[in-house]
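Starting from 1, each residue takes its place in the sequence as its number.
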Amino acid sequence: MLPLPPGEFRAYLFDCDGTVADSMPLHYRAWSQAVGEWGCDLPEDLFYAWAGRTVADVIADLNTTRGLAMPVAEVDRRRESLYRELLPQLTAVPEVLAHIEHAHGRIPFAIVSGGGRDSVARSLTTLGLLDRFDLMVCAEDYTRAKPDPEAFLLAARRLGVAPEHCVVFEDADLGIEAATAAGMAWVRVPHPWQRGIPAATPA
């Protein structure tokens, strides 16, 4: 298992993509194909550097830097459709799954994700983990995305646990920044290549 920071924790808050679900390689394939259909390239290192950003922000930056005018809603629908086709390949991150199995039933769990509720629920359902979580805070539930602490603070408030007694599991720098700003301890989840998994290949 990943080592926990020191502290007396009464709730575990988990990001979903890249943290509970080993979904980032699949998301990269979906993103790469979706924007590629508009003549746009998305290097893998940039994709991971932008982890945690909203879909609208990513597409806006790609449009600006590539001189394109990709429609956000259309590209997002296509990306999500492609990701759903890849869902049967989804697995959990073993080091995080070990924490879930060890602590489930002893302290409350929440998912705190920048993804939409339907997409997050589909991923967790595919993994057979949806019922492990007492609460889901997703993109529809808050207005300020990570690195703002709003989503983590909302989860803590709904669980009835003070921020200093929450520990956050996150793979993205923006998520770590948000957890820190919320006054919460955190555990960094390694990226796939840091866990010995080969880099994704676009479809």
Please step through side-chain contact (heavy atoms from CB on, under 4.5 Å) for the pair V187 and Y12, ending with a clear verdict.
-> CA-CA 10 Å; V187 175; Y12 285 2; over 6 Å; no
Should the pair Y48 and H191 be assigned to parallel (<30°), tilted (30 to 60°) or perpendicular (>60°) ring geometry?
-> perpendicular
Within the side chain of T54, is there an N or O that forms a donor-acceptor pair under 3.5 Å with the backbone of D57?
-> yes
State, yes or no, whether a side-chain contact exists between L124 and M136 at a heavy-atom distance under 4.5 Å.
-> yes
Checking T64 side chain against A60 main chain: does a donor-acceptor pair fall under 3.5 Å?
-> yes
Hey, could you give me the OG/CD distance between S81 and Q33, rounded to the nearest 0.5 Å?
-> 9.5 Å
Within the distance-only criterion (no hydrogens, no angle test), does the side chain of Y142 pair as donor or acceptor with the backbone N or O of F152 below 3.5 angstrom?
-> no
For Y83, all residues meeting ring pair (Phe, Tyr, Trp, His ring centres under 6.0 Å), sequence neighbours excluded = H27
Sorted by chain and residue number, the side chain to side chain donor-acceptor pair (under 3.5 Å) partners of T125 (sequence neighbours excluded) come out as none
Would you say M184 and V189 are hydrophobically clustered, going by side-chain heavy atoms of ILVMFWY under 4.5 Å?
-> no
Hey, mind stepping through V55 and E80 against side-chain contact (heavy atoms from CB on, under 4.5 Å) and telling me if it holds?
-> CA-CA 11 Å; V55 170; E80 182 64 22; over 6 Å; no
R188 vs Q194, side-chain hydrogen bond (donor to acceptor under 3.5 Å, both in side chains): CA-CA, chis, key distance, verdict | CA-CA 12 Å; R188 184 183 291 275; Q194 296 167 326; over 6 Å; no
Hydrophobic cluster membership, M1 vs V168, 4.5 Å side-chain cutoff | no
Who are the side chain to side chain donor-acceptor pair (under 3.5 Å) partners of E150, not counting sequence neighbours?
-> T143
Hey, could you give me each pair passing side chain to side chain donor-acceptor pair (under 3.5 Å) that has a residue in residues 160-170? Not counting sequence neighbours.
-> K146-E170
Are L42 and L62 close enough, and set up right, to give a side-chain contact (heavy atoms from CB on, under 4.5 Å), and what steps lead you there?
-> CA-CA 8 Å; L42 178 58; L62 288 173; 4.1 Å; yes
Under 3.5 Å, is there a donor-acceptor pair between the side chain of D134 and the main chain of F109?
-> yes
Using a strict cut-off of less than 4.0 Å between a Lys/Arg side-chain nitrogen and an Asp/Glu carboxylate oxygen, indicate whether E74 and R78 qualify as a salt bridge.
-> no
Residue of the set L129, L135, D131 for which side chain to side chain contact (heavy atoms under 4.5 Å, CB included) holds with F133 | L129
Could you go through the side-chain contact (heavy atoms from CB on, under 4.5 Å) check for F14 and I100 one step at a time?
-> CA-CA 10 Å; F14 298 87; I100 292 172; 3.8 Å; yes
Contacts table for residues 156-163: side-chain donor-acceptor under 3.5 angstrom, sequence neighbours left out:
none

Report yes or no: does D22 contribute a side-chain atom to a donor-acceptor pair with the main-chain N or O of T91 at less than 3.5 Å?
-> no
Would you please name every residue forming a side chain to side chain contact (heavy atoms under 4.5 Å, CB included) with T180, sequence neighbours left out?
-> I176, W186
